Amino acid sequence: MTAHTIFVCTTCASTWENGKRVGESGGEKLLKRLQQNNQNSQNQEIKIQAVECMSACNRSCVICFASKDKYTYLFGDISPELSSTQVAGVFECANKYYDHPQGLLPWAERPDPLKKGVLASIPAIPAAIPVG
């Protein structure tokens with residue numbers, strides 16, 4: 001089975017002083033929240049990986065679902081203080097992504113908090129790109 005990853009931006013919602021990040025960022029809080037609950041997830045095939053920056057600073061906090069040969073989804077405007085129900089919604093959506101052969105996540109099937117805040121839905125790169 002192909003690896004499935006939830007990338008979490010750890011620089012989202014950071015506080016900066018004199019050009020240096022201070023304290024724990026919102027992204028780091030979100031990462032910890034997801035990691036704690038991933039241990040209880042039914043699907044251990046989905047990994048969580050910290051990423052230094054995903055360049056969506058004005059829409060923090062940001063996560064991304066990615067897997068080979070599937071769509072890639074970038075979600076923003078996620079609270080670093082997700083409730084237990086909202087965290088469960090992230091994993092429910094990740095499981096839907098895992099289960100769908102192309103990774104498609106129709107809006108109507110996405111649980112909160114990922115129903116809104118989609119920043120990108122990027123198609124998979126074709127195995128062979130035809131030459132003109």
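Fair warning: this is a prediction, and the values are worked out from it, not measured in the lab.
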State yes or no: are the ring centers of Tyr73 and Phe65 separated by less than 6.0 Å?
no
For residues Glu109 and Glu92, determine if any side-chain heavy atom of one lies less than 4.5 Å from a side-chain heavy atom of the other.
no
State whether the side chain of Trp16 and the backbone N or O of Val22 hold a donor-acceptor pair below 3.5 Å, judged by distance alone.
no
Approximate separation, where rounding is to 0.5 Å, of Ile6 CD1 and Leu31 CG:
10.5 Å
Nearest-0.5 Å distance, OG of residue Ser14 to NZ of residue Lys20
15.0 Å
Scanning both residues in full, the closest heavy-atom pair of Leu82 with Pro113 reads CD2-CG, 4.0 Å
Could you tell me if the side chain of Thr11 sits less than 4.5 Å from the side chain of Arg21, heavy atoms only?
yes
Check for a donor-acceptor pair, side chain of Arg110 on one end and backbone N or O of Leu105 on the other, with a separation under 3.5 Å.
yes
Work out which heavy atom in Cys61 is nearest to a heavy atom in Gly26; give both atom names and the distance.
SG-C, 3.5 Å
Heavy-atom check, side chain of Val8 versus side chain of Ile48, under 4.5 Å:
yes
Taking Leu104 as the starting point, is it possible to reach Leu74 by hopping between hydrophobic residues whose side chains are less than 4.5 Å apart?
no
Could you state the interatomic distance from CD (Glu24) to NZ (Lys29), rounded to the nearest 0.5 Å?
6.0 Å
Minimal heavy-atom distance between Met54 and Val62, with the atoms involved, is CE-O, 3.6 Å
Knowing that exactly one of Leu114, Val90, Leu119 qualifies, which makes a side chain to side chain contact (heavy atoms under 4.5 Å, CB included) with Phe75?
Leu114
Ignoring hydrogens and geometry, is there a side-chain-to-backbone donor-acceptor pair from Tyr97 to Gln102 under 3.5 Å?
no
If you take all heavy atoms of Cys64 and Thr72, which pair is closest and at what distance?
SG-CG2, 3.4 Å
Look up atom OG1 in Thr5 and atom NZ in Lys68, then write down how far apart they are to the nearest 0.5 Å.
13.5 Å
Can you find a heavy atom in the side chain of Val87 that is under 4.5 Å from one in the side chain of Leu34?
yes
Taking all non-hydrogen atoms of both residues into account, name the closest pair between Phe7 and Ala66 and its distance.
CE1-CB, 3.7 Å
Given salt bridge (charged side-chain N to carboxylate O under 4.0 Å, His left out), test Arg33 with Glu81 step by step and report yes or no.
CA-CA 8 Å; Arg33 190 96 171 93; Glu81 308 292 336; over 6 Å; no
With a 3.5 Å distance limit and no angle check, can you tell me whether Thr10 reaches the backbone of Glu28 through a side-chain donor-acceptor pair?
no
Determine whether a donor-acceptor pair (N or O, by modelled atom type, separation under 3.5 Å) exists between the side chain of Lys70 and the backbone of Pro123.
no
Minimal heavy-atom distance between Lys115 and Ala108, with the atoms involved, is NZ-O, 3.2 Å
Compare all side-chain heavy atoms of Cys9 with those of Ile63 and state whether any distance is below 4.5 angstrom.
no
Lys47 side-chain N/O to Ala3 backbone N/O, donor-acceptor pair under 3.5 Å
no
Working to the nearest 0.5 Å, report the span between CD1 of Ile78 and CG of Asp112.
11.5 Å
